[in-house]
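Note sheet for the following structure.
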Amino acid sequence: MKKWMGWTIIILLLLGGAAYGLKESMNQRAEPLNNASGFKAPTTQGNEITYEIVAQQTQQEVAPGITLPVYTYNGSVPGQEIRVKMGQDVVVKLINKLQEPVTIHWHGYPVPNKMDGVPGLTQNAVQPGETFVYRFKASVPGTYWYHSHQSSSKQVDKGLYGALIVEESTEEERTTRDYTVLLDEMESGTSKGMGMMNSGYDIFTVNGKSGTLISPYEMKTGEKVRMRFINAGYSTHYLHFGSLAYQVIAVDGQSLQKPVAAQGKLLPVGAGERYDIEFIAPDTSIIGYDQLDHKAAAGMLIPLKNTDTDNVEVPKEYKGIFSLVDNDVETKRVSIASTAYDKTYTMELGHGMSMNGMVFTINGKTYPNIDKLGVKKGDRVKVELINNDPMNDHPMHLHGHEFQVLSKDGKSLEGKPVFKDTLLLKPGEKYEVAFVANNPGNWMFHCHQLQHAAAGMMTTVNYDGYPVSKEIDQAQNKE
Ligand code: C2O
Ligand code: CU
């Protein structure tokens with residue numbers, strides 16, 4: 001098939017509201033990609049669960065007729081899902097078969113600092129042919145992910161990422177269907193554009209596939225379905241599920257006090273963020289998709305396939321955008337808001353030009369010249385985040401901790417604690433967040449549009465008296 005044919009068909013179908021072609025492809029591809037077999041099962045011994053993850057290069061057909069060279073953890077993009085139970089001791093043996101160094105960072109997971117996977121800060125990069133063993137306890141449940149932190153703007157772009165799911169321990173939280181959905185953008189290399197503006201990204205993927213290659217998510221009328229959305233890309237995606245009566249049940253791995261109904265609303269997922277939704281499968285199939293104003297967005301399909309019926313809905317109208325602030329979101333956490341903080345920092349986000357081109361700045365500076373956030377164990381730290389960049393979303397991510405969102409644009413959220421590890425700031429937005437310094441180490445705090453991070457938008461949180469180990473070569477690229 002010609003490269004653009006599949007696309008044209010999908011776009012025409014969506015615009016025209018006709019779903020015949022998709023219906024057909026939905027019928028042909030019955031296998032959910034989720035938890036795809038073909039991966040080597042983990043081994044367990046007592047309380048310990050061990051995954052072997054091989055970083056390797058391969059080719060993957062990402063859109064009909066378009067096969068790209070990709071980097072993978074265990075042979076596909078996304079990599080093997082690491083799915084463990086609360087309380088297990090997780091062991092991940094990373095074997096590097098690529099020609100360049102890699103690591104694994106556990107995005108959002110409160111691992112000990114030595115296991116955080118940041119080269120030049122928490123470990124030395126894992127060189128070609130080398131092995132590194134990550135160990136941590138599955139101490140909190142929820143939807144997380146893992147990715148390389150070595151030249152991550154390039155390596156994550158090439159596919160070095162996968163899901164980390166820690167299953168709840170209670171029976172009633174399990175659902176009949178539990179799907180993990182990793183969103184990303186890829187470049188076919190055929191369309192030119194500036195990476196910063198994302199215009200070179202012409203293929204939007206769902207679990208590494210686009211358009212009609214995406215495996216439908218199967219369900220039967222009345223079943224309880226959970227979908228875990230993870231944005232492994234650099235753009236914010238606006239998922240549109242049409243009439244689906246869905247509820248948001250978790251944000252960034254944090255369960256909500258009560259599910260929040262979001263029927264008819266677009267679900268915005270910023271880079272690095274996670275949203276878990278739940279719904280009772282309706283008596284029709286629905287072809288959800290990304291409503292982002294971008295030519296490739298129509299290829300980011302979320303085909304919810306009801307295997308009992310031939311009815312298919314293609315979403316059209318929507319009623320607003322789901323928001324943490326306006327939709328009464330509250331995570332199951334105790335507020336850490338205080339009238340007095342031990343440390344207060346401000347991070348003003350912006351962009352500028354340098355001799356080497358576009359830079360992304362915090363307080364007018366680029367890494368490593370940005371002031372670090374010094375803390376000591378036990379501190380309550382407040383950070384004011386201001387997006388003064390008129391053009392760009394900046395999803396800010398803190399390693400090793402979750403922060404509470406205290407306010408947005410002056411509106412307090414303290415009565416309804418929302419904890420996250422990645423916070424999307426749209427142009428002009430201002431948030432206050434706070435975290436308790438309860439995980440000693442040196443931690444990255446950066447924008448998860450990883451090209452922004454590479455172009456300067458990152459800093460570190462450093463605990464007093466926690467030196468970078470002498471064995472670590474601090475000159476290594478931390479991005
Ligand atoms: Cu997922 Cu430092 O990031
Ligand atoms: Cu950014």
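Whatever order the structure lists them in is the order used to number ligands and atoms, beginning at 1.
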Has His448 got an N/O/S atom less than 2.8 Å from atom 1 (Cu) of ligand 1?
-> yes
At atom 2 (Cu) of ligand 1, what's the angle from His446 NE2 to His399 NE2, rounded to 10 degrees?
-> 110°
Checking ring pair (Phe, Tyr, Trp, His ring centres under 6.0 Å) against Phe229, which of Trp145, Phe241, Tyr179 comes through?
-> Phe241
Sub-6.0 Å ring centroid separation between Tyr134 and Phe132 = yes
Quick check: does His149 have an N/O/S atom under 2.8 Å of atom 1 (Cu) of ligand 1?
-> no
Does NZ or CZ of Lys158 fall inside the cone over Tyr71's six-membered ring, less than 6.0 Å from its centre and within 45° of the axis?
-> yes
Between Asp421 and His401: side-chain donor-acceptor atoms closer than 3.5 Å = no
Contact check, side chains of Phe360 and Thr366, non-hydrogen atoms, under 4.5 Å | no
His105 near atom 1 (Cu) of ligand 1: N/O/S under 2.8 Å = no
Restricting to N, O or S atoms of His107, which is nearest to atom 1 (Cu) of ligand 1?
-> ND1
With the Cu ion (ligand 2) at the centre, find the angle made by ND1 from His452 and SG from Cys447, to 10°.
-> 130°
Specify which N/O/S atom of His394 comes nearest to the Cu ion (ligand 2), by atom name.
-> ND1
Gln404 and Arg333: CA distance, side-chain angles, deciding distance, side-chain hydrogen bond (donor to acceptor under 3.5 Å, both in side chains) verdict = CA-CA 9 Å; Gln404 183 180 345; Arg333 295 277 294 251; over 6 Å; no
